[in-house]
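Once you've had a glance at the structure underneath, I'll fire off some questions.
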Amino acid sequence: MVADLVERFVTTAPRPALGLATGGTMEPVFAELVRRHREHGLSFARVRAYLLDEYLGLDREDPCAYRNAIRRLLARHVDLGAGAVHGPDTHAADLDAECDRYERELRAAPIGLQLLGIGSNGHIAFNEPGSPLDSTTRVVALRGQTRAENARFFPAAQAVPTRAITQGIATIGAANQLVMVACGEHKADSVARALEGPVTSEVPASAIQLHPNVTVVLDRSAAASRAR
Ligand code: GLP
């Protein structure tokens with residue numbers, strides 16, 4: 001279903017600007033897009049892709065950097081043009097200025113379809129609970145729970161960075177269409193709070209309720225809770 005939405009977008013938008021999330025949830029999505037490219041010629045040649053967030057403090061070639069994960073799981077297997085994957089420069093001398101530059105780039109793009117996961121604490125991108133609903137691209141500190149959940153992608157738990165650059169909640173909301181995906185029972189509570197609870201900065205993903213064009217794709221386990 002998610003690949004269908006992406007395929008329809010990249011084949012019909014005049015200049016497709018595609019917002020990419022990372023994380024385990026997106027891996028089968030990217031694998032299916034690669035399959036469609038190989039077997040059916042689905043082309044990404046016109047696509048500009050934009051990262052949702054990125055860790056700070058990793059070497060440029062670190063395989064755990066989201067830019068490199070996108071390259072490994074998607075970009076190198078399809079016909080995305082050279083330089084078609086955009087993101088913040090985490091090695092910029094002035095990170096606040098770099099966040100402002102990326103925010104301007106995103107607003108000028110603008111994103112047509114934004115893929116989103118959700119953290120089990122209700123975060124979207126790296127907007128942790130307490131992130132203002134009007135936040136823009138900025139440097140953030142990662143919560144212990146988020147670092148622990150993402151440790152499975154790193155050689156050791158201590159290797160998970162403590163900071164990241166993330167698109168803000170308002171930045172994400174400026175995309176034309178949002179597609180949120182969640183799988184597994186560990187996501188069920190945050191999904192229920194995001195979709196059925198109040199819109200609150202304590203559940204950053206609840207901000208999607210304010211967006212006019214959202215698709216949420218859940219497996220049965222992630223759909224199993226009700227907001228309390
Ligand atoms: C990370 C990413 C988020 C992603 C979340 C869920 O924290 N920054 O963008 O939505 O993980 O990840 P997973 O799909 O691995 O559960």
Side-chain angles (χ1 to χ4, degrees), residues 1-3 6 18-33 49-58 62-70 72-74 85-88 90 99 102 106 111 113-131 135 137-154 157 159-169 171-173 175 178-195 203-208 211 214-219 221-223 225:
M1 289 175 69
V2 181
V6 174
L18 176 65
L20 294 176
T22 32
T25 312
M26 291 299 144
E27 293 190 8
V29 174
F30 294 155
E32 173 62 11
L33 293 173
Y50 293 86
L51 301 187
L52 193 54
D53 46 14
E54 182 60 282
Y55 289 114
L56 284 171
L58 299 179
D62 192 311
C64 296
Y66 282 162
R67 178 182 285 278
N68 296 330
I70 294 291
R72 183 172 66 252
L73 296 169
L74 180 68
V85 180
H86 301 258
T90 55
C99 290
Y102 192 48
L106 291 162
I111 303 296
L113 185 151
Q114 176 66 59
L115 292 171
L116 293 170
I118 181 172
S120 62
N121 66 357
H123 73 235
I124 41 171
F126 273 136
N127 293 283
E128 298 279 33
S131 297
S135 53
T137 302
R138 68 205 186 284
V139 174
V140 291
L142 301 180
R143 296 248 178 135
Q145 183 180 344
T146 298
R147 295 182 66 229
E149 282 177 11
N150 289 348
R152 67 193 195 280
F153 298 109
F154 287 80
V160 184
T162 56
R163 297 192 309 153
I165 289 177
T166 186
Q167 290 189 30
I169 296 175
T171 322
I172 293 166
L178 304 180
V179 179
M180 175 180 277
V181 191
C183 300
E185 61 183 339
H186 62 299
K187 299 289 178 74
D189 278 345
S190 62
V191 164
R193 292 168 73 208
L195 302 185
V203 185
S206 66
I208 71 168
H211 197 282
V214 183
T215 304
V216 178
V217 181
L218 307 171
D219 69 359
S221 309
S225 282

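Heavy-atom basis, side chains included; hydrogens, waters and symmetry copies ignored. Everything quoted here is computed from the prediction, not taken from an experiment. All ligand and atom numbering here is 1-based and tracks the order in the structure.
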Arg147 CZ: over 12 foreign heavy atoms closer than 6.0 Å: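 Result for CZ/Arg147: enclosed.
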Test ring-ring contact (aromatic ring centres under 6.0 Å, His included) applied to Tyr102 - qualifying residues, sequence neighbours left out: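 Here no residue qualifies.
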Partner of Ser120 by side-chain hydrogen bond (donor to acceptor under 3.5 Å, both in side chains), out of Gln145, His186, Glu185, Lys187: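 Answer after filtering Gln145, His186, Glu185, Lys187: Gln145.
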Rounded distance (nearest 0.5 Å) linking atom OG1 of Thr215 with atom CG of Leu178: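 Atom-to-atom, Thr215:OG1 and Leu178:CG are 8.5 Å apart.
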Spacing of Tyr66 atom OH and Ile165 atom CD1 [to the nearest 0.5 Å]: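 CD1 of Ile165 is found 13.0 Å from OH of Tyr66.
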Validation row, ring centre Tyr55 to ring centre Phe153 under 6.0 Å: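 Centroid separation for Tyr55 and Phe153: 6.0 Å or greater.
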Sub-3.5 Å pairs, protein N or O with ligand 1 N or O:
| from | atom 1 | to | atom 2 | distance (Å) |
| --- | --- | --- | --- | --- |
| ligand 1 | 7 (O) | His123 | NE2 | 2.9 |
| ligand 1 | 7 (O) | Asn150 | ND2 | 3.2 |
| ligand 1 | 8 (N) | Asp53 | OD2 | 2.7 |
| ligand 1 | 8 (N) | Tyr66 | OH | 3.4 |
| ligand 1 | 8 (N) | Ala125 | O | 3.4 |
| ligand 1 | 9 (O) | Asp53 | OD2 | 3.4 |
| ligand 1 | 10 (O) | Ile118 | N | 3.4 |
| ligand 1 | 14 (O) | Gly24 | N | 3.3 |
| ligand 1 | 14 (O) | Thr25 | N | 2.9 |
| ligand 1 | 14 (O) | Thr25 | OG1 | 2.4 |
| ligand 1 | 15 (O) | Gly24 | N | 2.7 |
| ligand 1 | 15 (O) | Arg152 | NH2 | 2.8 |
| ligand 1 | 16 (O) | Lys187 | NZ | 2.7 |

